[in-house]
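In what follows, every chain begins at residue 1, and chains take the letters A, B, ... in the order their sequences are listed. What you see is a predicted model, and the numbers here were worked out from it, not measured in a lab.
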Amino acid sequence: MSALDDDGLDALLRARAPHPAIGEPELDPGDLQAWRSGRLDAEQAAAVDAVLARSAADRAMLADLAAPVDAGLLDRMAVATPRPQSNRRLVWAGAGLALAAGLTFAVLRPGAPDAPAYTLGAVRGAVKITRSQTPTQGSGEPAVFVPDGTLRLTVRPTDAGRTAAAARAFAACDDGAFRAVDGLEAGADGAWTLVASARSLFGEAPGRCVVAIALAADADALADLDGMDPATAAEDGGVQLVPLTVDYRATPDGETP
Amino acid sequence: MLIQLLATVIGLRRPDDAPATIRAALAGDRSAGRRLAERVAPVIRARVLRMTRGRRGPGGLDTDDLMHEAWCRLLADDGRRLRNYDPTRGKSFEGYISMITGQLIATMAEKHGAAKRKAPGGEGELSEAAAVPAPVADPESMAAGRQLQDALWQHLEDQLSNRGRVVLALVYADGLTVDEAAARMGVKKQVVYNWQHKIRGLTRQWMAAA
């Protein structure tokens with residue numbers, strides 16, 4: 001055979017590569033990730049090598065493990081971790097950014113009871129849904145609502161054993177103050193669901209809006225939130241705030257009617 | 001324990017800081033929480049995808065929602081499940097997280113099993129998704145694949161170690177670039193280049209002898 005350069009050899013090898021049937025993966029994804037991270041001993045790693053060399057299904061799983069995880073989802077996961085037990089005074093700097101990113105955050109005061117931790121669940125009624133029914137979770141894109149739409153938003157406790165006794169819903173548009181809104185109801189397993197027309201929440205003018213559900217261990221903690229600036233709110237009480245950022249449009253395409 | 005410590009000291013495996021990171025994260029260290037999330041998220045996602053095959057899972061939750069749900073359940077009860085991880089039992093932290101995630105998702109699927117209605121657009125419950133057979137190459141390509149397993153390929157498989165065969169499969173059977181193969185293996189590109197150089201050398205050797 002004539003001598004081939006590297007590219008020629010690569011082409012030859014690819015042409016002659018076997019493509020057996022793709023079966024079920026043999027390896028556990030956790031073990032495979034430990035292999036990728038160099039956390040297996042030599043014997044374990046050699047066993048994984050042997051499987052990967054013959055199993056296309058297991059090699060395909062490497063793609064899932066190597067793909068970057070959505071930054072928005074990592075933010076949500078990080079926020080779900082416990083808060084420090086000491087120095088519970090929350091620094092509010094950056095709260096506006098957190099709102100824009102659709103993150104949950106807490107308003108805490110020393111001595112106030114800790115607010116139960118909640119996370120954004122399903123969001124329904126948006127005219128434009130990205131990858132899931134929870135547009136600000138994972139995709140980082142705001143949910144698009146129009147005045148005639150009905151927003152249905154559910155928040156759920158991260159710990160079923162620790163639920164909020166009181167909750168209130170608020171809305172604000174274009175950096176305005178929070179305004180209390182109606183339509184919030186307690187559901188099963190500590191969940192709270194807000195059902196309201198977009199018009200009643202955000203009015204008529206298009207813009208960037210926030211709808212938030214504030215949760216607390218007692219109703220007193222929620223008394224002073226009405227009129228609060230979402231970005232620079234004063235510290236007041238042990239409250240968990242779960243916001244949803246909304247792109248409020250006159251029409252689904254953003255046109256002025 | 002001694003063997004594990006020895007293995008770490010002589011560099012056979014990377015020391016695992018998971019227990020310390022778990023303790024810090026559960027004590028409220030947000031930076032540790034973020035590191036922990038970054039470490040477990042790919043494992044949770046791969047486990048979820050393997051169980052759902054890309055379909056919606058229990059309760060109609062999509063992959064991201066299921067990942068978040070599993071994470072919240074791992075953190076529940078003051079992080080009991082995370083705290084239970086014991087590296088001296090021989091299982092990697094990633095393997096442990098995968099196992100627990102599988103149990104949590106299965107439990108969620110059981111709870112939603114009563115509602116066995118099939119949603120439009122193929123969005124069935126997890127139990128139905130799990131019954132879907134894995135993709136199988138068509139008979140024609142299978143036959144072609146068998147024919148392509150010629151002497152050269154056999155020669156390479158005989159001469160290479162398992163790690164070299166992984167590179168051979170990723171780069172030449174799966175058609176990945178060196179960058180992609182390195183990323184999937186979690187190694188530097190140079191490692192893949194080195195194996196590629198060896199594979200080419202073996203190929204030239206075989207061709208010269210042929």
Side-chain angles (χ1 to χ4, degrees), chain A residues 1 3 6 9-10 12-14 16-25 28-34 36-42 46 49-50 52-53 56-57 59 61-67 69-70 73-74 76-78 80-85 119 131-132 134 137-138 158-161, chain B residues 7 12-14 16 25-28 30 33-34 37-38 41-43 45-47 49-50 62 64-65 67-68 71-72 75-76 92 94-99 134-137 141-142 145 148-150 152-153 162-163 165-166 169-170 172-175 183-186 199-200 203-204 207 210:
Chain A
M1 285 188 197
D6 286 349
L9 279 181
D10 290 348
L12 176 74
L13 285 165
R14 289 199 170 99
R16 297 196 176 190
H19 294 284
I22 299 174
E24 287 287 328
D28 181 276
D31 293 336
L32 203 49
Q33 181 69 351
R36 293 185 68 243
S37 308
R39 297 186 191 280
L40 297 182
D41 62 32
D49 285 346
L52 284 173
R59 293 198 300 275
M61 206 155 51
L62 286 175
D64 292 335
L65 292 166
V69 177
D70 183 281
L73 177 62
L74 285 174
R76 288 170 59 205
M77 291 173 71
T81 55
R83 293 184 301 275
Q85 294 304 304
T119 188
R131 282 188 296 110
S132 71
T134 54
Q137 297 183 20
T158 57
D159 181 350
Chain B
L12 288 179
R13 64 192 293 178
R14 194 175 292 178
D16 197 343
L26 294 176
R30 279 289 161 84
R34 176 82 186 195
E38 287 174 350
V43 177
R45 178 179 55 192
R47 185 72 186 197
L49 286 172
R50 185 166 166 179
D62 70 5
D64 280 4
D65 291 337
M67 287 173 66
H68 190 254
W71 174 244
C72 288
L75 293 171
S92 68
E94 285 80 2
Y96 176 78
I97 290 295
S98 176
M99 180 186 74
V136 175
S141 67
M142 287 170 69
L148 287 169
Q149 286 200 36
D150 63 4
L152 169 59
W153 200 266
N162 282 331
R163 180 58 59 99
R165 290 172 59 211
V166 173
L170 286 171
Y172 295 108
D174 299 345
R184 293 196 188 179
M185 294 176 72
I199 290 166
R200 286 169 176 162
T203 304
R204 286 197 173 94
M207 290 173 73

Task: Partner set under salt bridge (Lys or Arg N to Asp or Glu O under 4.0 Å) for B:Arg165, not counting sequence neighbours - done: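 Per chain and number, B:Arg165 pairs via salt bridge (Lys or Arg N to Asp or Glu O under 4.0 Å) with no residue.
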Identify the two heavy atoms, one from [X] and one from [Y], that lie closest to each other, and give their separation to 0.1 Å.
X	Y	result
A:Ala50	B:Asn162	CB-ND2, 3.5 Å
A:Asp31	B:Gly95	OD1-CA, 3.7 Å
A:Leu40	B:Ser92	CD2-CB, 4.4 Å
A:Asp10	B:Tyr172	OD1-OH, 2.6 Å
A:Leu65	B:Arg45	O-NH2, 4.2 Å
A:Leu62	B:Arg184	CD2-O, 3.5 Å

Task: Top contributor to chain A contacts, counting heavy-atom pairs under 4.5 Å, from B:Met99, B:Glu38, B:Arg204 - done: B:Arg204
Task: Largest heavy-atom contact set with chain A, pairs under 4.5 Å, which of B:Gly175, B:Ala76, B:Ala183 - done: B:Ala183
- [ ] Can you sort out the partners of B:Arg163 under side chain to side chain donor-acceptor pair (under 3.5 Å), two or more places apart, ordered by chain and number?
- [x] A:Asp49
- [ ] Under 4.5 Å heavy-atom distance to chain A, tell me which part of B:Ile97 shows up: side chain, backbone, both or neither.
- [x]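 Contact with chain A involves no heavy atom of B:Ile97 at all.
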TODO: Could you tell me which portion of B:Arg50 (side chain, backbone, both or neither) has an atom closer than 4.5 angstrom to a non-hydrogen atom of chain A?
DONE: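 For B:Arg50, the side chain is the part near chain A, not the backbone.
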Which distance, rounded to the nearest 0.5 Å, do you find between the [atom1] of [X] and the [atom2] of [Y]?
X	Y	atom1	atom2	answer
B:Trp153	A:Leu12	CH2	CG	10.0 Å
A:Thr119	B:Trp71	OG1	CH2	12.5 Å
B:Asp174	A:Arg59	CG	CZ	4.0 Å
B:Ile199	A:Leu9	CD1	CG	11.0 Å

Task: Step-by-step side-chain contact (heavy atoms from CB on, under 4.5 Å) determination, B:Arg34 to A:Leu74 - done: CA-CA 7 Å; B:Arg34 176 82 186 195; A:Leu74 285 174; 3.8 Å; yes
- [ ] Salt-bridge test for A:Asp64 and B:Arg47: reply yes if a basic N is under 4.0 Å from a carboxylate O, no otherwise.
- [x]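 Not counted as a salt bridge, because no side-chain N and carboxylate O are separated by less than 4.0 Å.
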Open item on the list: For B:Arg200 and A:Asp6: C-alpha separation, side-chain torsions, deciding distance, then whether side-chain contact (heavy atoms from CB on, under 4.5 Å) applies.
Closed with: CA-CA 7 Å; B:Arg200 286 169 176 162; A:Asp6 286 349; 3.2 Å; yes
Task: Segment of A:Ala67 engaging chain B (4.5 angstrom heavy-atom cut-off) - done: both
Open item on the list: Looking at B:Glu94, is its backbone amide N or carbonyl O close enough to the side chain of A:Arg39 to form a donor-acceptor pair, meaning the two atoms are under 3.5 Å apart?
Closed with: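 Side chain of A:Arg39 to backbone of B:Glu94, a donor-acceptor pair under 3.5 Å: no, none is there.
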Task: chain B interface, residue from A:Leu52, A:Leu32, A:Val69 that has the most non-hydrogen pairs under 4.5 Å - done: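 Of the candidates given, the most pairs with chain B belong to A:Val69.
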Task: Working for side-chain contact (heavy atoms from CB on, under 4.5 Å), residues B:Thr203 and A:Leu13 - done: CA-CA 8 Å; B:Thr203 304; A:Leu13 285 165; 3.7 Å; yes
